Amino acid sequence: MKRLILFGAPGSGKGTMGDLIQRDFHLVKISTGDILRSAIQQDTAEGRRARAFMESGGLVPDKLVIELVRLRLSRGDLNGGYVMDGYPRTLAQAQALSLIASDSEKAVFIEVMEAEAVARLLSRLTCSDCGAIYNQLTKPPQKDGICDICRGRVVRRTDDTEEAVRQRFRVYAERTMPVIEYYGRKNVLARVDGGGAAAQVYLRIKGLIA
Ligand code: AP5
């Protein structure tokens, strides 16, 4: 397998699991959410186009995201394999992905109850510089407001409001569930129980991909 795709609702733990997989399996993590947030921070044309969609909990238009992914996959640093977090999210993105890079692939669907995922998101903290993921309740940074890894500022994401989170769930059910079913029909999809502590979920995922 060259490409591992992580699927799951907002707050299911895709980013957290992607970081652990990247560390232990030496895969490069590609998160479209991180790419878009960095474009917003750098105030690029793509970032300016994406901003309002992201803050309201909607999807950024396919054309823009597909182009960003095409550019990322062409960088030449993925020979050892890569893990995708947050892409593809629509059928058009899935079809584009197989045209851009027809790599051998596996997909893991992290299943979690909506109430648990919402509670996680409403207590999530993120480093505004390196994107490291924290949680006020379960994984606070060692020093309040400061990233353990890069000393950057740890903040709440602007789309982690109750209203935007609910909208992200609606969009996920409508636009991304059909993509997960599509990977199921391709026979490359495994499901994993995403409930419980992050270390336990990671052990389950490791068992599927090792
Ligand atoms: P994105 O950043 O991808 O957001 P998301 O899919 O909503 O997912 P999240 O990052 O909210 O959650 P996650 O599953 O990664 O959970 P995490 O590990 O952080 O996208 C943001 C926006 O960008 C989208 O809404 C859209 O606008 C745009 N976008 C991105 N990609 C796009 C695309 N392909 N097409 C169009 N638009 C796109 O964990 C959450 C919290 O829970 C953390 O605090 C963590 O510490 C904690 N946690 C994790 N696992 C556990 C556990 N097992 N137990 C307890 N706590 C846990």
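None of these values were measured; they are calculated from a predicted model. Note that ligands are numbered from 1 as they come in the structure, with each ligand's atoms numbered from 1 the same way.
In this structure, S128 contributes its side chain and R153 its backbone to a donor-acceptor pair below 3.5 Å. With hydrogens and angles ignored, the 3.5 Å screen pairs a side-chain donor or acceptor of R3 with a backbone N or O of A101. The backbone N or O of A9 sits less than 3.5 Å from a side-chain atom of K14, completing a donor-acceptor pair.
The heavy atom nearest to atom 33 (C) of ligand 1, out of those in Q167, K14, R124, R89, is found in R89. When the options R37, Q136, R120 are ranked by their closest heavy atom to atom 50 (N) of ligand 1, first place goes to R120.
For ligand 1, the polar-atom distance check against S12 finds a nitrogen or oxygen pair separated by under 3.5 Å. The shortest N or O to N or O distance between L125 and ligand 1 is not under 3.5 Å. Backbone and side-chain nitrogen or oxygen atoms of V201 are examined, and none is located within less than 3.5 angstrom of a nitrogen or oxygen of ligand 1. Residue-to-ligand polar distances place G15 within reach of ligand 1: an N/O pair is separated by less than 3.5 Å. Taking any N or O of Y134, backbone or side chain, at least one lies under 3.5 Å from an N or O belonging to ligand 1. Between G86 and ligand 1, a contact under 3.5 Å exists for at least one N or O pair. Polar contact check, T16 against ligand 1: a nitrogen or oxygen pair lies under 3.5 Å apart. The shortest N or O to N or O distance between V60 and ligand 1 is under 3.5 Å. At a 3.5 angstrom cut-off on N or O pairs, D34 does not count as close to ligand 1. For a threshold of 3.5 Å applied to N or O pairs, the pair formed by D160 and ligand 1 contains no separation below that value.
The heavy-atom pair separating V171 from G58 by the smallest distance is CG2-CA, 4.3 Å. Of all heavy-atom pairs between A92 and I66, the closest is O-CD1, 4.0 Å. Taking every heavy atom of both residues into account, A173 and P178 meet most closely at O-CD, 4.0 Å.
Other residues, nucleotides and ligands contribute over 12 non-hydrogen atoms within 6.0 Å of the CE atom of M1.
Note that CG of L125 and NZ of K139 are 10.5 Å apart. Values are rounded to the nearest 0.5 Å. To the nearest 0.5 Å, atoms CG (L27) and NZ (K2) are separated by 11.0 Å. In this structure, E111 CD and I180 CD1 are separated by 8.5 Å, a value rounded to the nearest 0.5 Å. Annotation: the span from R168 atom CZ to T176 atom OG1 amounts to 11.5 Å, rounded to 0.5 Å. With rounding to the nearest 0.5 angstrom, the CG atom of D160 is 7.0 Å from the CG atom of L122.
Here is the list of ligand 1 atoms found below 4.0 Å of a heavy atom in L36: 28 (C), 29 (N), 30 (C), 38 (C). Remark: ligand 1 atoms within the under-4.0 Å shell around heavy atoms of G11 are 9 (P), 11 (O), 12 (O), 13 (P), 14 (O), 16 (O). Residue-ligand proximity, A9 to ligand 1, at heavy-atom distances under 4.0 Å covers atoms 14 (O). When each atom of ligand 1 is checked for a heavy atom of G58 under 4.0 Å away, the hits are 25 (O), 26 (C), 27 (O). Which parts of ligand 1 touch R157 is read off a 4.0 Å heavy-atom cut-off, strictly below it: atoms 1 (P), 2 (O), 4 (O), 10 (O), 11 (O), 21 (C). Below 4.0 Å from some heavy atom of G196 lie the following atoms of ligand 1, by number and element: 52 (C), 53 (N), 54 (N). Contact atoms of ligand 1 toward Y87: 34 (N) (distance under 4.0 Å to a heavy atom of the residue). For ligand 1, the atoms sitting less than 4.0 Å from at least one non-hydrogen atom of D159 are 21 (C), numbered in the order shown with element in parentheses.
Of the protein's heavy atoms, G13 N, 3.3 Å lies nearest to atom 16 (O) of ligand 1. Among all protein heavy atoms, the one lying closest to atom 47 (C) of ligand 1 is N135 ND2, 3.9 Å. Nearest to atom 43 (C) of ligand 1 among the protein's heavy atoms is I133 CG2, 3.5 Å. Nearest to atom 31 (N) of ligand 1 among the protein's heavy atoms is T32 OG1, 2.8 Å. Among protein heavy atoms, atom 11 (O) of ligand 1 sits closest to R168 NH2, 2.5 Å.
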* Step by step, would you call V65 with L59 a side chain to side chain contact (heavy atoms under 4.5 Å, CB included)? -> CA-CA 9 Å; V65 180; L59 287 185; over 6 Å; no

* To do: Report the C-alpha separation of K106 and L208 in whole Å, then their side-chain angles, then the decisive distance to 0.1 Å, and conclude whether the side chain to side chain contact (heavy atoms under 4.5 Å, CB included) test is met.
  => CA-CA 10 Å; K106 267 191 189 174; L208 289 172; over 6 Å; no

* Using the side chain to side chain contact (heavy atoms under 4.5 Å, CB included) rule, take V60 and L68 through it: C-alpha gap first, then chi angles, then the decisive distance, then the call. => CA-CA 11 Å; V60 173; L68 289 172; over 6 Å; no

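At a heavy-atom cutoff of 4.0 Å, ligand 1 is contacted by the backbone of A197 but not by its side chain. Proximity of Q93 to ligand 1, defined as any heavy-atom pair under 4.0 Å, is confined to the side chain (atoms from C-beta onward). Neither the backbone nor the side chain of T90 comes within contact range of ligand 1; no heavy atom lies under 4.0 Å. Here M54 has heavy atoms under 4.0 Å from ligand 1 in both its backbone and its side chain.
By the 4.0 Å N-to-carboxylate-O rule, D43 lies too far from R51 to be salt-bridged with it. Salt bridge annotation for K63-E67: absent, with no cationic side-chain nitrogen under 4.0 angstrom from a carboxylate oxygen.
In this structure, K139 has no heavy atom closer than 4.0 Å to ligand 1.
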